[in-house]
Amino acid sequence: MSEQSPSETSHTNATDAPPHRYTAALAQEIELAWQERWDAERTFETPNPTGLLGDPELAAARGEKLFVLDMFPYPSGAGLHVGHPLGFIGTDVYSRFKRMTGHNVLYSMGFDAFGLPAEQFAVQTGQHPKITTDQNVATMRRQLRRLGLSHDPRRSVATTDPGYYRWTQWIFNQIFGAWYDTELDRARPIAELIAELESGARPTPDGRPWAELTEGERRDVIDDRRLAFVGDAPVNWCPGLGTVVANEEVTADGRSDRGNFPVFKRNMRQWVMRITSYADRLIDDLDTLDWTDAIKTMQRNWIGRSSGALVHFGSPAGPISVFTTRPDTLFGATFMVLSPEHPLVDALTTPEQSLAVAAYRRAAIIKKDIERQDEGREKTGVPTGMSAVNPVTGADIPIWIADYVLMGYGTGAIMAVPSGDQRDFEFAGKYGLEIPAIQQPPATWFAAHDIESTLDTARWPVAFVGDAPYVNSSNESLDLNGIDSVAEGVRLTNEWLEANGHGEATITYKLRDWLFSRQRYWGEPFPIVYDDDGRPYALPDEMLPVELPDTTSFSPRTFDPDDEFSDPESPLDRLESWVNVELDLGDGRKWYRRDTNVMPQWAGSCWYELRYTDPTNDQAFVDPAVEAYWMGPRTDVRPDHPGGVDLYVGGVEHAVLHLLYARFWHKVLYDLGHLSSKEPYARLFNQGYILADAYKDEREIYIDAFDVEERDGAYYHDGRPVTREWGKMGKSLKNAVSPDEMYEAYGADTLRLYEMAMGPLDASRPWETRDVVGMYRFLQRLWRAMVDETTSEIVVVDEPADDETRRLLHRTIDTVRREMDALRFNTAIAKLIELNNHVTKLDATPREVAEPMVLMLAPLVPHVAEELWHRLGHDETVTYTEFPVADPALLLDDTVEYPVQVNGKVRGRITVSVDADRAAVEAAALADAKVVAAIDGAVPKKVIVVPGKMVNVVV
RNA sequence: GGGCGAGUGGCGGAAUGGCAGACGCGCUGGCUUCAGGUGCCAGUGAGGGCAACCUCGUGGGGGUUCAAGUCCCCCCUCGCCCACCA
């Protein structure tokens with residue numbers, strides 16, 4: 001039975017739509033069939049140039065390499081909503097487009113599956129996190145496949161797979177086995193440091209010959225230099241989570257990023273990575289990256305490089321160093337302020353002041369940052385009773401403590417220059433401290449503050465900051481008076497400080513070293529054991545991976561969130577039989593204790609893009625030739641191209657954490673000679689978010705957004721008024737739309753098309769379910785233009801297209817190619833709809849238009865495009881079919897229409913030959929009846945002709 | 001307080017300094033239908049006019065230009081990031 005009769009149709013179809021209309025049911029049928037065929041034919045497998053996935057001939061035939069990457073997801077148990085795959089659809093469209101324009105595209109998807117949520121879910125349900133994680137990964141793979149994403153399935157990785165984290169541990173050992181050579185400005189293997197120490201080329205810290213050091217002393221010297229080391233340093237202890245966390249995971253109000261528990265600064269022995277050694281390179285190499293300025297600025301601010309000077313002030317407790325960006329204002333430093341946590345506070349406090357100081361310190365420590373903010377910027381502090389000596393004036397200046405000076409930045413102490421710093425100015429004003437003028441502000445400054453020009457600072461409303469001549473700024477050997485440049489003042493002061501041993505120019509960073517250990521279960525174990533003296537040893541490669549031991553006791557020990565003095569306890573500590581291990585590390589069999597920390601969740605995401613390139617390699621984390629092929633520097637793109645992924649798409653929320661850590665690891669691996677690329681991500685594109693309305697009732701509780709009714713601009717739920725707000729789509733706001741609903745109603749191609757059409761990829765935009773139907777109608781019109789809805793026969797004709805249609809086709813090809821290349825899919829879609837709307841009006845669709853139209857749509861709606869391509873008589877997948885190329889001859893018409901403006905307003909339009917010269921265009925414009933009427937007899941002063949664009953007559 | 005970005009119809013959004021509002025939603029009218037829906041066709045920035053057309057119009061105010069949504073200055077609003085960083 002090949003034909004259906006009309007009568008059958010009306011009985012079998014409740015909606016009496018024609019039997020072969022492009023409906024949701026047909027879309028689903030097409031989509032599932034093609035997804036199966038792609039799998040069966042291994043359509044999206046991408047050849048490497050060599051190695052296990054190597055096929056050099058196919059790789060060459062596919063064309064130029066292109067590596068397209070998504071930020072890989074965390075496989076949560078909640079399932080996807082339509083907001084999640086926005087970026088994935090974008091990269092898929094781009095990858096498919098690039099395959100059709102002669103590129104060998106690496107495109108894969110992995111899962112960032114270690115971390116707290118899986119563990120917390122496991123604790124709640126009693127299910128082992130491995131089980132729930134595997135289930136979630138499987139679910140997510142299925143959901144992503146249903147969208148038709150063209151990933152190479154062989155290259156998918158999960159960070160929790162021992163075959164993957166074996167290499168995460170191996171990289172850790174590389175970092176552990178490296179030190180930073182500040183002269184060569186790169187990391188080097190620790191063996192080279194030992195060789196230099198042994199030969200005497202590099203002196204030991206205390207100058208004694210290497211041979212005279214005991215074995216223990218040697219280990220201390222070496223361990224002190226490692227890029228990954230166990231340090232006893234102030235860390236962020238979060239009792240509520242039962243683990244320490246990195247600075248980057250602590251919010252501005254001193255709470256944990258996850259869980260929102262209080263975080264306390266405590267000294268503890270923890271793993272630390274020396275990311276600060278790379279601070280300059282992490283800033284400087286941003287210039288070589290094709291990233292948005294917004295993200296680059298965030299990274300620069302986070303690293304927070306500022307140049308200035310360390311100045312040493314004499315005091316009864318010895319020299320106190322302060323950091324300042326304005327050493328030139330030293331003559332105006334009339335007091336000094338220490339942070340309440342500063343180690344010298346006790347030594348600098350007189351007995352008379354000790355009660356007041358102790359009370360203030362206690363209050364400062366208890367006060368949470370959030371309370372400090374509540375109090376606004378009102379400065380508080382107490383004097384210690386002692387004084388320091390200002391090195392340029394020789395004057396005794398009082399030492400205060402105040403909580404506006406932070407222990408975590410600079411040296412935790414400042415020189416206070418009240419006339420040149422607003423905070424110091426406020427503090428001095430409050431406590432009646434001296435405010436000598438050291439610069440003569442310009443008249444404009446006084447005018448702006450509406451006061452007369454005076455050096456009486458008591459009448460200034462604010463401190464002065466900027467270039468202005470110095471006054472009161474000289475001693476016997478340094479004279480800044482009259483100089484009106486801050487840069488020059490800084491230079492002269494720094495010279496003087498260094499010459500007189502009172503200080504030196506220096507650079508300070510906000511970036512701290514990276515706290516790398518966590519007292520949790522669901523993470524990568526450290527490949528480290530300790531001997532009886534507590535010294536760490538990296539396990540040799542052949543003992544990797546150190547598998548996460550199976551246990552039912554994976555709950556972390558958490559504490560009362562406010563119990564600052566609790567101590568972390570790793571779940572792995574409880575596994576005595578795993579912790580104690582007998583090994584031969586080249587020194588005979590001995591007992592060791594394993595490290596019981598796990599790595600932070602960021603570890604696995606620091607290098608996953610590298611593993612995509614060579615996922616099955618069990619000899620190396622990546623074959624150097626494979627890495628060089630996919631990620632090597634592209635000097636053809638720009639001379640200082642650092643290499644890396646060609647396009648990385650993800651949300652802006654990873655601006656500092658993941659993107660900084662991954663760059664750091666990549667640079668270490670580059671320094672150690674394992675990589676050809678200096679950076680992991682050459683180009684970064686931040687996609688927007690899908691937003692949706694969310695509604696709260698009177699109790700401020702979110703209510704299901706789909707039960708809300710709108711009446712006259714107000715919103716109601718069960719008849720009661722609710723308030724509308726705006727947020728990211730998600731379960732917590734109760735406004736998530738599932739992709740399954742969209743497949744059911746329209747199919748995956750419509751969903752893909754809608755997400756790409758709703759706006760530019762980098763902009764956030766609101767989800768509107770009712771708008772989706774527009775793209776569905778477009779696909780129906782497309783289908784109808786090629787397939788008879790009653791008979792399912794192809795209705796494309798072989799007669800040539802008329803001239804107008806052909807020209808429109810080629811203009812569309814020209815634009816769509818450019819727009820897709822620039823990731824502007826929304827405008828590409830608009831052009832394709834225009835073309836289709838034109839084709840719809842023709843009596844029949846010419847093949848010469850139908851085929852390129854299908855090919856142009858293939859990246860966006862791959863299933864329906866494959867189906868139409870197949871029905872048009874092609875056996876091969878569209879995936880590697882060449883994308884249409886516009887014929888330049890058809891981009892220009894024989895005639896061109898010019899709007900004619902009179903004084904900037906359009907008054908008429910003329911049509912002239914495309915090769916009419918300026919004079920001819922002008923003559924035609926001035927002859928146009930409407931233009932003549934608008935000019936109304938006046939003599940044109942000037943006629944501007946913009947060739948191909950327009951004419952403007954000025955009268 | 002600092003940095004970055006954005007303000008265009010009822011809505012999402014288009015516009016290398018050169019015809020503002022492409023494309024889609026919604027809305028209005030029509031065709032199809034017993035009907036509803038679906039589908040199709042046409043119209044749709046505001047105001048005026050029977051009409052051809054005219055006037056106004058891209059957050060507000062100034063400026064540059066033959067020409068400004070676009071460039072410059074000031075202001076307002078919103079979003080994001082950082083925030084007593086010495």
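The chains referred to below are lettered A, B, ... by the order of the sequence lines, with proteins before strands, and numbering in each begins at 1. Values in this document were obtained by computation on a predicted structure and should not be read as measured data.
Distance check on atom C1': B:C23 versus B:C80 gives 29 Å, rounded to whole Å. With both ends at atom P, the span from B:U64 to B:U55 equals 24 Å, rounded to whole Å. Separating the P atom of B:G30 from that of B:G21 is a span of 28 Å, rounded to the nearest Å. Rounded to a whole angstrom, the distance from the C1' atom of B:A83 to that of B:C72 is 30 Å. Between B:G57 and B:G47, the distance separating the two C1' atoms is 11 Å to the nearest Å. Between B:G26 and B:U38, the distance separating the two P atoms is 9 Å to the nearest Å. For B:G9 and B:C56, the C1' atoms lie 14 Å apart once the distance is rounded to whole Å. When the P atom is used for both B:G69 and B:U32, the distance is 45 Å, rounded to whole Å.
Of all heavy-atom pairs spanning A:Trp767 and A:Met758, the tightest one is CA-CE, 4.0 Å.
Taking the nucleotide of RNA chain B with the nearest heavy atom to each of A:Thr840 and A:Tyr409, the more 5' of the two is matched to A:Thr840. Along RNA chain B, the nucleotide nearest A:Gly408 and the nucleotide nearest A:Asn903 are compared for position; the residue whose nucleotide lies closer to the 5' end is A:Asn903.
Listed by chain and residue number, nothing satisfies the side-chain hydrogen bond (donor to acceptor under 3.5 Å, both in side chains) test with A:Glu744 (two or more places apart in sequence, or in another chain).
Between the NZ atom of A:Lys949 and the P atom of B:C66 there is a distance of 20 Å, rounded to whole Å. Rounded to an integer number of Å, the gap from CD1 of A:Ile397 to P of B:A86 is 19 Å. What separates CZ of A:Arg907 from C1' of B:A67 is a distance of 14 Å, to the nearest Å. One can place CZ of A:Arg784 at 14 Å from P of B:U38, the figure rounded to the nearest angstrom. Distance, A:Phe335 CZ to B:A86 C1': 12 Å, rounded to whole Å. Put simply, CG on A:Leu406 is 16 Å from P on B:C82, counting in whole angstrom units. In this structure, A:Gln687 atom CD and B:G5 atom P are separated by 20 Å, rounded to whole Å. Here B:G17 presents its C1' atom at 13 Å from CG of A:Asn952, a figure rounded to the nearest Å.
For B:C11, neither phosphate oxygen OP1 nor OP2 lies less than 4.0 angstrom from any side-chain nitrogen or oxygen of A:Arg765. Side-chain N/O atoms of A:Lys510 include none lying less than 4.0 angstrom from OP1 or OP2 on B:C85.
Within 4.0 Å of A:Gln422, counting heavy atoms only, lies no atom of the nucleic acid at all. Backbone-only contact: A:Arg777 has heavy atoms under 4.0 Å from sugar-phosphate atoms and none from a base. A:Ala757 comes within 4.0 angstrom of nothing in the nucleic acid, heavy atoms only. Residue-level contact check: A:Ile944 touches the bases, meaning some heavy atom is under 4.0 Å from a base atom. Base engagement by A:Met950 is indicated by at least one non-hydrogen atom pair under 4.0 Å involving a base atom. Within the nucleic acid shown, A:Thr508 has no heavy atom closer than 4.0 Å to any nucleic acid atom. Among the protein residues, A:Lys930 comes within range of the sugar-phosphate backbone only, with heavy atoms under 4.0 Å from sugar or phosphate atoms but none that close to a base. Within 4.0 Å of A:Val954, counting heavy atoms only, lie sugar-phosphate atoms of the nucleic acid but no base atom. Nucleic acid contact for A:Asn826: sugar-phosphate only, since backbone atoms but no base atoms lie under 4.0 Å from a heavy atom of the residue.
Distances were taken from every side-chain heavy atom of A:Ala830 (C-beta onward) to each of B:A22, B:C84, B:G24; the shortest belongs to B:A22. For A:Met758, whose side chain is taken as the heavy atoms from C-beta onward, the closest listed nucleotide among B:A14, B:C23, B:G12 is B:G12. Residue A:Pro766 has its side chain nearest to B:G13 when only B:C19, B:G13, B:C56 are considered. Each of B:C84, B:G26, B:C66 was ranked by its minimum atom distance to the side chain of A:Val773; first place goes to B:G26. Proximity note for A:Arg770 (side chain, C-beta onward) versus B:A14, B:C23, B:G26: the nearest is B:G26. Looking at the side chain of A:Val906, the nearest of the listed nucleotides B:A86, B:G12, B:C19 is B:C19. The side chain of A:Lys905 sits closest to B:C56 out of B:C23, B:A14, B:C56. Here the side chain of A:Pro760 is nearest to one of B:G13, B:G18, B:C23, namely B:G13. The side chain of A:Thr827 approaches B:A15 more closely than any other nucleotide in the set B:A15, B:C66, B:C23. Of the candidates B:A86, B:C53, B:G24, the closest approach to any side-chain atom of A:Asp421 belongs to B:A86.
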Q) Are A:Tyr746 and A:Tyr754 close enough, and set up right, to give a ring pair (Phe, Tyr, Trp, His ring centres under 6.0 Å), and what steps lead you there? A) CA-CA 11 Å; A:Tyr746 304 110; A:Tyr754 171 65; 9.2 Å; no
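For A:Thr845 (side chain) and A:Ala785 (main-chain N/O), a donor-acceptor pair under 3.5 Å exists by modelled atom type. Listed for the A:Asp788 side chain is a donor-acceptor partner under 3.5 Å among the backbone atoms of A:Thr791. When atom types are taken as modelled, the side chain of A:Asp762 and the backbone of A:Gly688 share no donor-acceptor pair closer than 3.5 angstrom. Judged purely by atom type and a 3.5 angstrom limit, A:Gln422 uses its side chain to pair as donor or acceptor with the backbone of A:Ala463.
A donor-acceptor pair shorter than 3.5 Å cannot be found between the side chains of A:Thr380 and A:Tyr431. In this model, no donor atom of one side chain and acceptor atom of the other lie less than 3.5 Å apart for A:Tyr776 and A:Asp749.
Taking only distance into account, the side chain of A:Arg781 never meets the base of B:C40 through a donor-acceptor pair shorter than 3.5 Å. Residue A:Lys379 places a side-chain atom within donor-acceptor reach of the base of B:C84, judged by atom type and a 3.5 Å distance cut-off alone. Applying the 3.5 Å distance criterion, the base of B:C25 shares no donor-acceptor pair with the side chain of A:Asp771.
Using a 4.5 Å heavy-atom threshold, the side chains of A:Trp400 and A:Pro398 count as touching.
With a cut-off of 3.5 Å on both pairing distances, the Watson-Crick and G-U wobble pairs of RNA chain B assemble into stems of 3 or more at B:1-7 with B:76-82, B:10-12 with B:23-25, B:26-31 with B:39-44, B:45-48 with B:53-56, B:59-63 with B:71-75.
Between A:Arg818 and A:Asp814 a salt bridge is recorded (basic side-chain N to carboxylate O distance below 4.0 Å). Checked for salt-bridge contact, A:Arg326 and A:Asp328 meet the test: a charged N lies under 4.0 Å from a carboxylate O.
For the pair A:Lys379 and A:Tyr404, the cation-pi test (distance below 6.0 Å, angle within 45°) is passed.
B:G47 adopts an anti glycosidic conformation, its chi angle falling more than 90° from 0.
Environment of NZ in A:Lys430: crowded, with over 12 heavy atoms of neighbouring residues, nucleotides or ligands closer than 6.0 Å.
Within residues 301-312 of chain A, no residue is approached by RNA chain B to less than 4.0 Å at the level of any non-hydrogen atom.
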